[in-house]
Peer 1: 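Have a look at the structure that comes next, please.
So that the names make sense, note that chain A is the first sequence line, chain B the second, and so on, each numbered from 1.
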Amino acid sequence: MSVRSGKLHRFAPWLFISPWLLGLLGLFAYPFVASLIWSFTEYDLLTAPRYVGTDNYQRVADEILRGEGFGKALWNTFYYAAVSVPLSTILAILLAVMLNWKVRGQAVFRTLFYLPSMVPMVASSILWLWLLDPRDGMVNGVLAMFYDVPPLWFQGMQEAFSLESPFQFGSKDGLTLMSLWGVGNFMLIYLAAIGDVDQSLYQAADLEGAGIWQKFRHITLPMLSPIIFFNIILGIIQSVQAFTQIYIVSEGTGQPAESSLLISLQLFLSAFRDLEMGYASAIAWVLFVILALATWGLFRTSRNWVHYRGVRM
Amino acid sequence: MPRRIPTILFLLFALAIAVWGTTISLTSETPEDREEVVFWHFWSGPDGAIVDDVVRRFNESQSNYFVRAVSMPGNNFDMKLFLAITGGDPPDLINQDDPIVADWAFRGALYSMEEIAPSEEVERLREWLLPSARSLGEYDGKLYAVCNGLDIRALYFNQDLVESALQSPAPKSLESYHQLDQIARACTKYTDGELTQIGYLPDPRRLWAWGPAFGGDFYDEATSEITTDDPRILNALEWMVSYRRELGANNVATYRQNDQSLPNKMFPLLAERYAIILDGQWRVRDIEAAQQQSRERGQQPTRYGVWPLPHDPQQNGKAGWVNGNVFLVPRHAENASGAWEFIKFWTGMDGHQSQAATTCMAGGWIPVSQQVSESPEFQQYLQDHPLFARFVEFSQTEQVPTPIIPAAARYYREVNNLVQRAMYSDEPMDLNAELVSIDKAMQDHLDRITSRPSFDEESKRHD
């Protein structure tokens with residue numbers, strides 16, 4: 001091998017991965033580092049950033065304590081994630097189990113339940129705005145049978161899963177319902193995972209006389225646990241990053257009265273409406289830390305409930 | 001060979017697309033003897049076609065400049081602009097309708113008109129513009145934005161409903177907000193205990209209109225102070241909240257859903273959801289279309305009227321709240337002088353009166369200049385559209401904008417959030433304390449922004 005071809009061999013892999021590497025450095029590493037630097041500055045996007053120390057983080061902490069601004073957005077995001085992630089996980093598993101039943105028209109049912117995930121977010125948001133119209137919406141048309149005062153959905157500040165206004169659905173509950181409608185992606189992953197469960201486990205259970213529930217509880221769920229774990233982490237990240245639907249249903253303001261102001265929208269408004277990129281960067285970093293902690297916590301608990309081929313991790 | 005057929009087909013397809021793309025770029029190229037003026041706007045659909053027509057007429061009238069309009073509908077307009085500015089390649093002219101003029105001017109993102117045009121022409125433009133149009137663009141003594149279309153809000157009313165409820169002819173204008181309350185109450189209907197029609201329901205976003213109508217100010221220019229704690233603003237808010245007390249928070253929230261965005265026949269006034277509604281001049285088109293449809297069906301069309309906001313000038317009450325679309329010239333725009341020529345053409349200055357009138361008639365837009373309104377063709381248009389004529393009349397009264405200060409966008413949001421909380425919830429609130437709290441928070445925020453020298457001050461220091 002000549003010296004020249006030896007050099008080429010050494011550089012060839014770098015050459016091949018360079019498109020990806022450039023993308024990683026330019027579109028991920030640079031913004032990552034830049035946002036950390038900006039979070040210690042006052043930066044309006046138009047003039048040079050000015051170092052302000054930890055002012056932005058102090059403001060974030062202050063707002064969390066007072067429950068205003070970022071504090072409010074943090075609570076809204078927590079509520080949305082805490083309600084939508086478990087509900088979408090349960091719904092997706094149930095749908096996947098049912099769609100795995102060998103019935104006539106199985107493929108049609110699978111397609112029907114997956115279709116909503118294909119609808120563009122903007123279109124589905126507008127659709128839900130109509131469906132959940134407090135006065136003329138179809139959903140309230142049905143709920144009128146159970147409620148004296150039908151829920152306000154996107155026009156309400158109530159929280160159905162709170163002690164203050166139980167079962168009074170407000171804007172965040174409307175967003176949760178929307179997220180459940182688009183559960184098809186998770187469902188598809190569960191469906192594939194269920195198909196992958198070793199059939200001999202079910203046969204052994206049959207021999208032992210196990211019923212449907214026991215098989216689901218002791219075979220299907222444990223075998224799905226790595227996927228559930230993965231989807232929960234993904235679901236939390238997605239609910240924190242949810243933006244388009246919130247922007248549309250709240251006309252870009254988090255209305256009514258900031259009840260649908262989630263962190264992603266708060267970040268956008270701070271950066272591009274109020275020209276406070278430094279503060280927005282601090283929000284992004286606090287969010288990053290919160291997400292990292294949540295993920296770490298989930299990993300810690302996963303030892304108790306996630307099974308990899310029968311082995312608890 | 002057969003294996004290669006898909007590859008060949010793919011390459012041919014790619015070639016065709018490439019050639020097509022080249023053709024597009026060639027056909028939209030600026031003539032060689034003209035300077036290109038890049039104009040970003042957010043209009044699309046029918047309004048986009050009107051803008052394209054204005055651009056076409058301007059380009060036909062010109063031998064020096066050629067405007068290339070780029071439509072950017074959607075929500076990322078600002079983000080794209082900031083990227084273009086920081087990237088050093090901003091457009092020459094943009095259109096905006098958010099209260100951002102002072103914010104962007106303070107930070108040096110905009111040229112003032114004084115920087116891009118002869119001072120004599122700028123002075124003439126100031127004179128040319130209606131006071132309400134001028135007020136939207138002035139900051140720190142300079143003209144940073146030029147209004148190209150005013151948005152005026154007034155009280156539309158269903159004349160048939162109002163007269164049937166009052167059992168007498170509808171008044172030509174309202175003496176006071178008490179009179180509005182009386183009419184609203186008379187027009188509010190319950191069927192089997194359920195609210196089926198609302199006389200009038202204040203929009204939570206319009207404390208900005210009712211505050212000044214009650215004589216209040218949101219900002220004191222003389223002292224550079226936020227004045228949300230003005231007692232007259234509190235009066236206006238208390239009055240708005242009185243509707244919630246009467247109708248119930250749930251009814252208020254239910255009726256407010258989608259109110260302003262509903263198009264055409266779904267417009268709550270046409271759907272008889274409300275008897276009176278505060279909205280802008282663009283609704284005239286919806287009303288006229290509905291009336292025309294009734295005539296075509298051989299039915300008597302419903303009659304509608306417009307009242308200005310009741311206000312008492314003796315009590316410092318202003319006629320209303322104005323906003324609108326403005327032209328801005330981003331700093332470092334390559335062809336600011338071409339942008340200036342286009343601004344003059346659009347606003348009708350320097351002999352373009354008739355062109356401006358044509359634009360306003362096509363879009364149902366309110367002229368920004370009295371002279372354009374007075375042009376013979378526009379006067380004829382006003383005779384044919386009496387409801388619209390009322391708005392043109394109102395545009396010449398004292399209409400005040402959202403304060404032209406840095407952080408106005410946030411101020412706007414904070415006030416609207418408070419009114420929504422007050423209107424959509426039955427929980428008791430200390431409105432005065434809430435207004436004082438916004439006042440303090442916004443003053444602190446404004447002080448923090450302005451503690452840093454503005455772009456202008458920095459420039460002077462460097463000079």
Peer 1: Just wondering, are more than 12 heavy atoms of other shown residues or ligands nearer than 6.0 Å to CE in A:Met118?
Peer 2: no

Peer 1: With chain B, which of A:Val122, A:Thr47, A:Asp274 has the greatest number of heavy-atom pairs at distances under 4.5 Å?
Peer 2: A:Asp274

Peer 1: Nearest 0.5 angstrom please: A:Met157 CE to B:Tyr424 OH, how far?
Peer 2: 8.5 Å

Peer 1: So for atom CZ, which belongs to A:Phe167, do other residues, nucleotides or ligands contribute more than 12 heavy atoms lying within a distance under 6.0 Å?
Peer 2: no

Peer 1: Start with the C-alpha distance between B:Arg205 and A:Glu251, add both sets of side-chain angles, then the distance that settles side-chain contact (heavy atoms from CB on, under 4.5 Å), and finish with yes or no.
Peer 2: CA-CA 12 Å; B:Arg205 295 171 304 175; A:Glu251 294 177 19; 3.9 Å; yes

Peer 1: Using every non-hydrogen atom in the two residues, find where B:Phe82 and A:Phe272 come nearest and quote the distance to one decimal.
Peer 2: CE1-O, 3.8 Å

Peer 1: Show the nearest heavy-atom pair for residues A:Glu276 and B:Arg448, with the distance to one decimal.
Peer 2: OE2-NH2, 3.3 Å

Peer 1: Say you draw a straight line from CG of A:Asp44 to CH2 of B:Trp104; how long is it, rounded to the nearest 0.5 Å?
Peer 2: 12.0 Å

Peer 1: Considering only heavy atoms, which portion of B:Thr86 lies under 4.5 Å from any heavy atom of chain A: side chain, backbone, both, or neither?
Peer 2: side chain

Peer 1: For the candidates A:Leu269, A:Asn140, A:Thr253, which exhibits the highest count of non-hydrogen atom pairs separated by less than 4.5 Å from chain B?
Peer 2: A:Leu269

Peer 1: Would you mind reporting whether B:Asp78 and A:Arg273 have side-chain heavy atoms less than 4.5 Å apart?
Peer 2: yes

Peer 1: Indicate yes or no: at least one non-hydrogen side-chain atom of A:Leu46 is less than 4.5 angstrom from one of B:Ile85.
Peer 2: yes

Peer 1: Could you tell me whether B:Arg273 and A:Asp136 make a salt bridge, using a distance below 4.0 angstrom between a side-chain N and a carboxylate O?
Peer 2: yes

Peer 1: Is it the case that over 12 heavy atoms from other parts of the model lie below 6.0 angstrom from the CD atom of B:Glu434?
Peer 2: yes

Peer 1: Side chain, backbone, both or neither: which part of B:Arg413 has a non-hydrogen atom closer than 4.5 Å to chain A?
Peer 2: side chain

Peer 1: State whether the number of non-hydrogen atoms from other residues, nucleotides or ligands found under 6.0 Å of B:Phe42 atom CZ is greater than 12.
Peer 2: yes

Peer 1: In Å and rounded to the nearest 0.5 Å, what is the OG to CD distance from A:Ser259 to B:Gln420?
Peer 2: 8.0 Å

Peer 1: Quick test of your reading of the model: are B:Glu194 and A:Arg135 salt-bridged, counting only N-O distances below 4.0 Å?
Peer 2: no

Peer 1: Heavy atoms, side chains only, cut-off 4.5 Å: are A:Leu275 and B:Arg107 in contact?
Peer 2: yes

Peer 1: Ignoring hydrogens, what is the shortest heavy-atom contact between A:Ala257 and B:Arg421? Give both atom names and the distance.
Peer 2: CB-CG, 3.1 Å

Peer 1: Check whether more than 12 heavy atoms from other residues, nucleotides or ligands sit under 6.0 Å from atom CZ of A:Phe28, and answer yes or no.
Peer 2: no

Peer 1: Report which part of B:Arg331 has an atom under 4.5 Å of a heavy atom belonging to chain A: side chain, backbone, both, or neither.
Peer 2: neither

